[in-house]
2 protein chains.
Amino acid sequence: MNNHLRALRAEHGWSQADLAERLDVSRQTVNAIETGKYDPSLPLAFRIARVFGSSIESIFDPGDQA
Amino acid sequence: MNNHLRALRAEHGWSQADLAERLDVSRQTVNAIETGKYDPSLPLAFRIARVFGSSIESIFDPGDQA
DNA sequence: CGACCATGTCAAGCACACTTTACTTTTTCG
DNA sequence: CGAAAAAGTAAAGTGTGCTTGACATGGTCG
């Protein structure tokens, strides 16, 4: 599952810790999602979309494995 | 997390087993998601949206807890 | 140089997504 | 009504999402 998280975060000038706080998750979780270690849960995906004011579909790309 | 899965499934005339097969999950998983026992993973949410030809946001409603 | 910040990563632990098997209850239909 | 299909539910097991705590690295800046 690819995503544009790092680019979106950079556009907003936020550190991983900043974003983590806004999403109410740990900094390690943001890092893991950005580096592709695992996918967010659906509720977290919704919070991510909300924070960036866009849709889940425009941030995450399921590619083959979904 | 509320969802319109049961209604969408009914519109298509599919049983839980039919949908499960199309989503490549077990019938119990479809049942659990419909009855609100838990939320699907993000990849499964993408497959559900794809099967019904609509967006994740139009099928799932995060409500308060996201 | 030395302190700080951002990022990356590891380990242990808990909760949940999903499985298979199996059984009960409800709905549908001849 | 009676049989079959559909739906609900439960238990036990596996994998992963997310946690805290800790440590290493690289960049920036006084």
Side-chain angles (χ1 to χ4, degrees):
Chain A
M1 177 91 70
N2 295 327
N3 67 73
H4 307 145
L5 215 52
R6 192 177 301 265
L8 285 167
R9 188 170 57 78
E11 286 176 17
H12 289 255
W14 295 336
S15 69
Q16 292 181 347
D18 290 335
L19 178 56
E21 194 173 351
R22 287 169 189 268
L23 295 173
D24 198 32
V25 293
S26 69
R27 177 183 68 83
Q28 286 83 343
T29 293
V30 169
N31 184 76
I33 295 171
E34 278 193 5
T35 59
K37 291 184 70 172
Y38 51 72
D39 299 324
S41 66
L42 185 56
L44 179 51
F46 267 103
R47 298 204 298 276
I48 292 170
R50 186 174 296 172
V51 159
F52 290 120
S54 53
S55 70
I56 291 177
E57 280 88 352
S58 67
I59 299 177
F60 297 93
D61 175 23
D64 282 349
Q65 64 279 13
Chain B
M1 178 90 71
N2 295 326
N3 67 73
H4 308 144
L5 215 53
R6 192 179 300 265
L8 284 168
R9 188 169 58 78
E11 286 176 16
H12 288 255
W14 295 337
S15 68
Q16 291 181 347
D18 290 335
L19 177 57
E21 193 173 351
R22 288 170 188 268
L23 295 173
D24 199 32
V25 293
S26 70
R27 176 183 68 83
Q28 285 81 348
T29 292
V30 170
N31 184 76
I33 295 171
E34 279 193 3
T35 59
K37 289 184 70 172
Y38 50 74
D39 299 325
S41 66
L42 186 56
L44 179 51
F46 267 103
R47 298 205 299 277
I48 292 170
R50 187 174 297 171
V51 159
F52 290 120
S54 53
S55 69
I56 291 177
E57 279 87 353
S58 66
I59 299 177
F60 296 93
D61 174 23
D64 281 348
Q65 65 279 15

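Within every chain, numbering begins at 1; the chains are lettered A, B, ... in the order of the sequence lines, protein sequences first and strands thereafter.
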Once you round it to whole Å, what is the distance between P of C:dA17 and CE of A:Met1? 15 Å
Side chain B:Asn3, main chain B:Ile33, donor-acceptor under 3.5 Å: yes
Near DNA chain C, under 4.0 Å by heavy atom, which residues of residues 10-23 of chain A? A:Ser15, A:Gln16
Is any side-chain heavy atom of A:Glu57 closer than 4.5 Å to one of B:Phe46? yes
Would you say A:Val51 and A:Leu8 make side-chain contact, with heavy atoms under 4.5 Å? no
Partner of B:Gln16 under side-chain contact (heavy atoms from CB on, under 4.5 Å), chosen from B:Val30, B:Leu5, B:Thr29: B:Val30
d(CG, B:Leu5; C1', D:dA6) in whole Å: 16 Å
Looking at B:Arg6, I'd like to know whether one of its side-chain N or O atoms comes within less than 4.0 Å of OP1 or OP2 on D:dA6. no
Sub-4.5 Å side-chain heavy-atom contact between B:Pro62 and A:Arg50: yes
How would nucleotides 13-19 of chain D be written as a contact map, 5' to 3', with B for base contact, S for sugar-phosphate-only contact and - for no contact, using protein heavy atoms under 4.0 Å? ----SBB
Think A:Asn31 has a side-chain N or O under 4.0 angstrom from the OP1 or OP2 of C:dT7? no
With the side chain counted from C-beta on, respond yes when A:Ile48 and A:Phe60 share a heavy-atom pair under 4.5 Å apart, and no when they do not. yes
So do A:His4 and A:Phe52 actually touch side chain to side chain, heavy atoms under 4.5 Å? no
Taking the side chain from A:Asn31 and the backbone from A:Gln28, do they hold a donor-acceptor pair closer than 3.5 Å? no
